[in-house]
Protein chains: 2
Amino acid sequence: MSDVARVAGVHKATASRALNPLTSGQVNQATARRVLAAARQLGYTPNATARSLRTSRTHTVGVLIPDLTNPLFPPVVRGIENVLFPRGYTALVANTDNEPDREAAHFEALLGRQADGFILATGRRDHPLLVSAHERGIPAVLVNRGTDDALYPLVTGDDPAGMTAAVDHLVALGHRRIVHLAGPAGLSTGLRRSQAYRHAVAAHELDARLVECESYTADAGERAMVALLTEAGERPTAVVGGNDLIALGALRAIRAAGLRCPEDVSLTGFNDMPFLDELRPALTSVHVPTHELGVEAARLLLEQIEGAPAVAKTISLPLRLVVRDSTAPPS
Amino acid sequence: MSDVARVAGVHKATASRALNPLTSGQVNQATARRVLAAARQLGYTPNATARSLRTSRTHTVGVLIPDLTNPLFPPVVRGIENVLFPRGYTALVANTDNEPDREAAHFEALLGRQADGFILATGRRDHPLLVSAHERGIPAVLVNRGTDDALYPLVTGDDPAGMTAAVDHLVALGHRRIVHLAGPAGLSTGLRRSQAYRHAVAAHELDARLVECESYTADAGERAMVALLTEAGERPTAVVGGNDLIALGALRAIRAAGLRCPEDVSLTGFNDMPFLDELRPALTSVHVPTHELGVEAARLLLEQIEGAPAVAKTISLPLRLVVRDSTAPPS
DNA sequence: CTGAAAGCGCTTACAG
DNA sequence: CTGAAAGCGCTTACAG
């Protein structure tokens with residue numbers, strides 16, 4: 001920047017003002033033009049590090065997700081990026097694998113890099129990191145998964161409505177024995193969907209039957225379904241997966257047991273991850289607007305960074321059931 | 001840090017030396033312990049911004065990918081992160097959507113943030129950005145897709161070997177009319193795989209027949225397959241997709257035409273993206289070790305950042321054909 | 001409208 | 001082994 005100032009024949013303070021859109025009004029138009037020209041000529045790129053040190057704003061936000069490899073998260077991250085980038089922010093994405101140590105290590109690293117705020121999509125319902133962040137006045141927003149103590153805004157899908165839509169659909173098809181392969185109760189989505197399932201079946205005066213999976217994975221879903229199929233008692237005619245991966249695992253177990261979907265067992269997923277359409281049978285699922293989740297979270301975070309207080313409100317985005325080929329009337 | 005120094009009763013220069021593992025040897029052990037204790041007590045986190053300004057190293061690398069939502073890239077990014085994070089680096093991931101303007105804008109933004117280096121997985125074979133980066137001595141590594149001018153190291157799958165394995169497999173099953181639904185020739189993978197396809201069929205003294213798709217998407221694959229099926233001449237008995245998405249689109253078109261896979265048309269993909277196993281038929285594909293690609297790229301970048309020259313070598317990782325249910329002898 | 005000066009929080013050659 | 005000082009590249013109150 002000193003070079004730019006010299007070429008333009010002004011003091012570097014003036015160059016700084018001319019180059020910053022917010023302060024360029026304080027500078028004579030002709031002078032500003034000269035500075036801009038000099039900057040272009042020299043191929044000048046402002047040093048964001050120096051700027052940050054001076055202003056104590058890095059225009060950087062930390063995004064903590066469990067695992068980028070889970071198809072739920074890439075669209076969330078893109079939604080976040082799409083609102084952040086045009087406003088001059090960049091996202092530092094870190095994968096925690098739902099391990100508290102990794103999460104804490106990344107959180108510390110991001111704090112050291114002076115992130116202006118955080119978006120957390122990580123799972124546990126109980127979250128010591130957040131308490132200390134809140135005490136320190138650090139802006140943050142939660143996506144998809146809440147914590148028991150509401151300290152920060154949460155952007156999430158309307159899981160109860162989505163779960164109700166899935167159960168109602170199965171009941172309308174004529175199913176009476178509808179089992180829920182639930183996500184871990186230690187995750188807020190797992191708990192919330194399980195509760196919604198109980199309410200939904202109760203509303204139809206059906207019995208709740210629920211198997212908790214160890215994790216939101218196909219393998220866990222397969223194990224749970226195998227266990228369910230070897231249990232005594234009448235076989236269920238419909239299974240509601242806690243998410244799509246659990247449903248995929250259940251599908252494997254259904255086939256391995258020599259059963260057909262949807263003829264013998266109807267099956268629904270949750271999240272509507274990509275390529276469900278290409279499966280045979282194409283999987284009925286509850287669509288979650290993941291991109292919009294990211295967009296809303298980024299907006300709320302930006303508001304906080306710009307001074308709005310961290311209100312622990314919840315923003316629920318509507319979900320919709322996408323009916324495909326894995327659900328049919330019981331035979 | 002001044003606070004830490006005061007509490008420990010030393011000058012901040014000494015505190016700085018004690019806190020940095022590389023310089024803590026220069027400090028009396030007892031003094032160092034006092035500083036560490038003070039830092040812990042105050043909950044001190046070093047300000048990476050200030051450090052960067054002083055050392056002109058941000059421990060940050062820019063990762064430019066086309067689209068995080070393409071299942072090829074998340075594992076690459078995780079591989080990158082897995083080597084970067086333990087070494088104190090973080091990745092700034094940006095999506096370019098293969099648009100030159102977006103790419104240039106992100107590149108500029110990352111340069112302004114003083115990224116220590118770049119990993120580029122973006123597509124075009126011709127790349128003005130890279131030329132200017134190279135002139136400026138900026139460390140960089142390419143992943144998966146190379147450029148025509150070799151300026152930087154490239155880490156990629158051994159596409160020719162993968163393509164040859166796919167064609168050989170189909171020939172061994174008895175296929176003679178094998179078509180390639182190619183990726184765009186403007187992308188280096190598209191060109192490279194097409195060439196390998198031509199060589200592979202020529203080696204079996206078969207005619208090459210190739211349809212170029214507009215992009216690496218299911219829709220483009222579907223359009224290309226529809227066009228192919230409406231052409232005059234003998235219908236092919238096997239189709240080699242330029243990637244899995246193209247193959248998925250081809251599968252749609254095959255079905256829409258009332259044909260069965262693999263009975264009427266055998267089909268292979270490329271990349272072996274997640275969940276191909278769950279498709280019916282499960283798709284035969286060439287497995288690309290995406291995580292390893294990211295790991296190797298990050299290693300090479302770190303070497304450059306630490307002073308190694310940017311040698312334009314190519315590192316080819318082995319690929320292997322995963323045979324599933326979408327390929328069978330012609331009927 | 002512009003300049004001169006101070007300072008953001010570190011690191012590191014230079015003395016001692 | 002430790003301290004005092006300079007400086008990384010910006011921004012911004014304060015004068016003029």
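Chain A is the first sequence line, chain B the second, and so forth, proteins listed ahead of strands; every chain is numbered from 1.
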| field | 5′-ward residue of the pair A:Ala13/A:Leu53 relative to DNA chain D | value | A:Leu53
| field | DNA chain C: 5'-proximal contact among A:Arg34 and A:Ala50 (nearest heavy atom) | value | A:Arg34
| Which nucleotide of DNA chain D is the first, and which the last, in the 5' to 3' direction, to come under 4.0 Å of a heavy atom belonging to chain A? | D:dG9 to D:dA13
| Does the side chain of A:Thr122 come under 3.5 Å of the side chain of A:Glu103 through a donor N or O and an acceptor N or O? | yes
| query | What parts of residues 14-30 of chain A reach DNA chain D, counting only heavy atoms under 4.0 Å away? | reply | A:Ser16, A:Arg17
| message | Applying salt bridge (charged side-chain N to carboxylate O under 4.0 Å, His left out) to A:Asp97 and B:Arg78, what does each step give before you reach the verdict? | response | CA-CA 11 Å; A:Asp97 290 322; B:Arg78 290 237 41 184; 2.7 Å; yes
| request: Please tell me if the side chains of B:Gln114 and B:Ser56 come closer than 4.5 Å, counting only heavy atoms from C-beta onward. | output: no
| Ion pair B:Glu81/A:Arg102, N-O distance below 4.0 Å | yes
| query | In Å and rounded to the nearest 0.5 Å, what is the CG to CG distance from A:Asn144 to A:Leu187? | reply | 10.0 Å
| Parallel, tilted or perpendicular: ring planes of A:Tyr89 versus A:His59, cut at 30 and 60 degrees | tilted
| said: Centre-to-centre under 6.0 Å for A:Phe107 and A:Phe118, is that the case here? | reply: yes
| query | What does A:Thr31 touch in the nucleic acid at a heavy-atom separation under 4.0 angstrom: a base, only the sugar-phosphate, or nothing? | reply | sugar-phosphate
| Strictly by modelled atom types, are A:Tyr216 and A:Thr189 linked by a side-chain donor-acceptor pair under 3.5 Å? | yes
| message | Between A:Arg87 and A:Glu306, does any NZ, NE, NH1 or NH2 come within less than 4.0 Å of an OD or OE carboxylate oxygen? | response | yes
| Smallest separation among heavy atoms of A:Arg113 and B:Thr58, with atom names | NH1-O, 3.0 Å
| Does DNA chain D take part in any stems of at least 3 consecutive Watson-Crick or G-U pairs (both distances under 3.5 Å), and if so, which ones? | C:1-3 with D:14-16, C:5-12 with D:5-12, C:14-16 with D:1-3
